[in-house]
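For the numbers below, each heavy atom of this structure counts, side chains included, while hydrogens, waters and symmetry mates do not. Read the numbers this way: they start at 1 and go in the same order the structure lists the ligands and their atoms.
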Amino acid sequence: MIIGGTTWPKDRRWVVGIAVAAAAAIVAYGLEWRHLGHLPGGSSRVGLVCGIVGGLIILFELLLWPRRRVRSWRLGSAQSWVRAHVWLGLLAVPLVLLHARLLFIGGLLNQALMVVFFLVIASGIWGLVLQQSIPRALLEQVPAETIYDQIDHVARQQCRDAWRLVDASCEADGHDGAHHGDGAVADDDLLGDGEEADHAVITGFRSMTGIQGRVVETLAVHAVIPGTREIRRRFVAEIRPYLLAGGRSGSALVAPSGAARFFSALREASPAEAAPLIGRLEQACDCRRQFDLQARLHRWLHGWILVHLPLSVLLGVLLAVHVPIALLYW
Ligand code: HEM
């Protein structure tokens with residue numbers, strides 16, 4: 001958590017600081033308003049000071065971009081930069097509003113500047129909310145979390161392990177397609193390496209004393225369970241495509257309720273000895289569902305910056321045009 005929680009003592013100083021600065025600016029603006037008898041603009045005394053401070057804050061905000069890329073910069077920790085970035089960015093809002101005559105402004109450039117400014121602020125707040133909430137959601141809802149870039153690889157590996165278990169425990173079916181290279185099973189790699197499978201490695205997740213984590217189990221496979229052809233068929237036709245492609249497979253297993261119905265029907269159609277095997281397959285599907293959720297959350301966590309950053313650069317450009325023009329017409 002970058003703001004709040006355990007960091008609150010540090011944030012409290014910022015909150016007090018920006019509250020005092022914003023209150024002082026508002027009071028000074030109010031006094032100047034009373035003195036002038038009309039809304040002070042950007043060239044009034046208070047309006048100008050607010051504009052200069054707001055502009056300097058925006059420049060400082062933009063510095064986070066090189067700061068994040070040039071790791072050798074030793075000016076303060078990354079966390080202090082983000083904290084200053086967030087709180088000063090919020091302080092810029094009242095300052096810019098006061099500088100911009102509470103938004104009663106004319107001119108296309110000024111209006112564009114304000115629109116972009118508020119979009120930058122809104123996207124920053126949105127990003128902050130995501131950065132605060134997504135890591136917790138990952139911790140709570142994705143105990144099977146893996147390295148994002150390796151999701152496809154790990155999913156493939158898990159599918160292969162699940163297949164080994166099914167292949168070793170279920171009765172062979174001449175029409176299951178698994179050994180015949182039909183469209184359902186296109187990749188020999190997934191069908192095992194040809195060794196006799198007397199064990200299978202299965203990844204699951206467990207909760208112990210409230211902490212969830214991934215566990216890897218090696219299961220001994222003793223014998224084929226009679227009456228399990230249907231499991232093999234269903235694996236090839238439905239479970240395997242889902243384990244490999246997740247949400248992209250369009251499978252009913254994508255939804256937890258669809259998966260619950262699917263596995264309960266499979267349990268009913270299978271002998272009681274196959275219940276642990278079906279449980280493992282269900283867990284493999286849960287794991288795949290978590291990978292999909294992880295990928296979605298990852299995209300949310302990193303996608304917002306693709307809005308915030310370009311808008312910030314545009315804001316910098318508009319500001320660089322605004323300042324000389326404003327000085328010229330002063
Ligand atoms: C004028 C106002 C602002 C400007 C010009 C600005 C600009 C930037 C820039 C250039 C970055 C670096 C992007 C990168 O390196 O990929 C950034 C990151 C960020 N901004 Fe802003 N920003 C502003 C206001 C805000 C506000 C008000 C908030 C939140 C309340 C905010 C939240 C963030 C966050 C959370 C990051 C990512 C920091 C990190 O994870 O390292 N920004 N912003």
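Interface atoms of ligand 1 facing Leu64, defined by a heavy-atom separation under 4.0 Å, are 17 (C), 18 (C), 19 (C), 38 (C). Residue contact check: Gln131 has heavy atoms under 4.0 Å from atoms 35 (C), 37 (C), 40 (O) of ligand 1. If you number the atoms of ligand 1 from 1 as listed, the ones under 4.0 Å from a heavy atom of Ile58 come out as 1 (C). Numbered from 1 in the order shown, with element, the atoms of ligand 1 that lie under 4.0 Å from a heavy atom of Val82 read 38 (C), 39 (C), 41 (O). Under a 4.0 Å criterion applied to the non-hydrogen atoms of Ser312, ligand 1 contributes the atoms 4 (C), 5 (C), 6 (C), 7 (C), 8 (C). Those atoms of ligand 1 that come under 4.0 Å of a heavy atom in Ile121, given as number and element, are 2 (C), 27 (C). Close approach to Gly89 involves these atoms of ligand 1, each under 4.0 Å from a residue heavy atom: 27 (C).
In this structure, Asp292 pairs ionically with Arg288, as a charged nitrogen and a carboxylate oxygen lie closer than 4.0 Å. In summary, Arg136 and Glu140 do not engage in a salt bridge, as defined by a charged side-chain N under 4.0 Å from a carboxylate O. Taking 4.0 Å as the cut-off between side-chain N and carboxylate O, Asp286 and Arg289 count as a salt-bridged pair.
Atom 21 (Fe) of ligand 1 lies closest to atom NE2 when only the N/O/S atoms of His308 are considered.
At least one N or O atom of His85, backbone or side chain, sits closer than 3.5 Å to an N or O atom of ligand 1. Of the N or O atoms in Trp304, none lie within a sub-3.5 Å distance of an N or O in ligand 1.
For Leu315, every heavy-atom contact with ligand 1 shorter than 4.0 Å involves the side chain, none the backbone. With a heavy-atom cut-off of 4.0 Å, Leu309 touches ligand 1 through its side chain alone.
A distance of 10.5 Å separates CZ of Arg234 from CD1 of Ile278, quoted to the nearest 0.5 Å. The line from CZ of Arg68 to CG of Leu309 is 8.5 Å long, rounded to the nearest 0.5 Å. Here the CG atom belonging to Leu293 is positioned 13.0 Å from the NE2 atom belonging to His298, to the nearest 0.5 angstrom.
When all heavy atoms are compared, the tightest approach of Gln158 to Cys287 is OE1-SG, 3.5 Å. Here the shortest heavy-atom pairing between Pro241 and Ser249 reads O-CB, 3.7 Å.
The shell of residues lying under 4.0 angstrom from ligand 1, judged by heavy atoms, includes Arg69.
In summary, the aromatic rings of Trp81 and His85 are positioned with their centroids too far apart to meet the 6.0 Å limit.
Comparing heavy-atom distances from atom 5 (C) of ligand 1 across Arg68, Glu61, Arg83 singles out Glu61 as nearest. Heavy-atom proximity to atom 26 (C) of ligand 1, evaluated over Gly124, Gly54, Pro310, Gly127, is greatest for Gly124.
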Would you be so kind as to tabulate the donor-acceptor pairs closer than 3.5 Å made by side chains of residues 109-119, with sequence neighbours excluded?
from, atom 1, to, atom 2, distance (Å)
Asn110, OD1, His322, ND1, 3.1
Asn110, ND2, Gly106, O, 3.3
Gln111, NE2, Ile105, O, 3.2

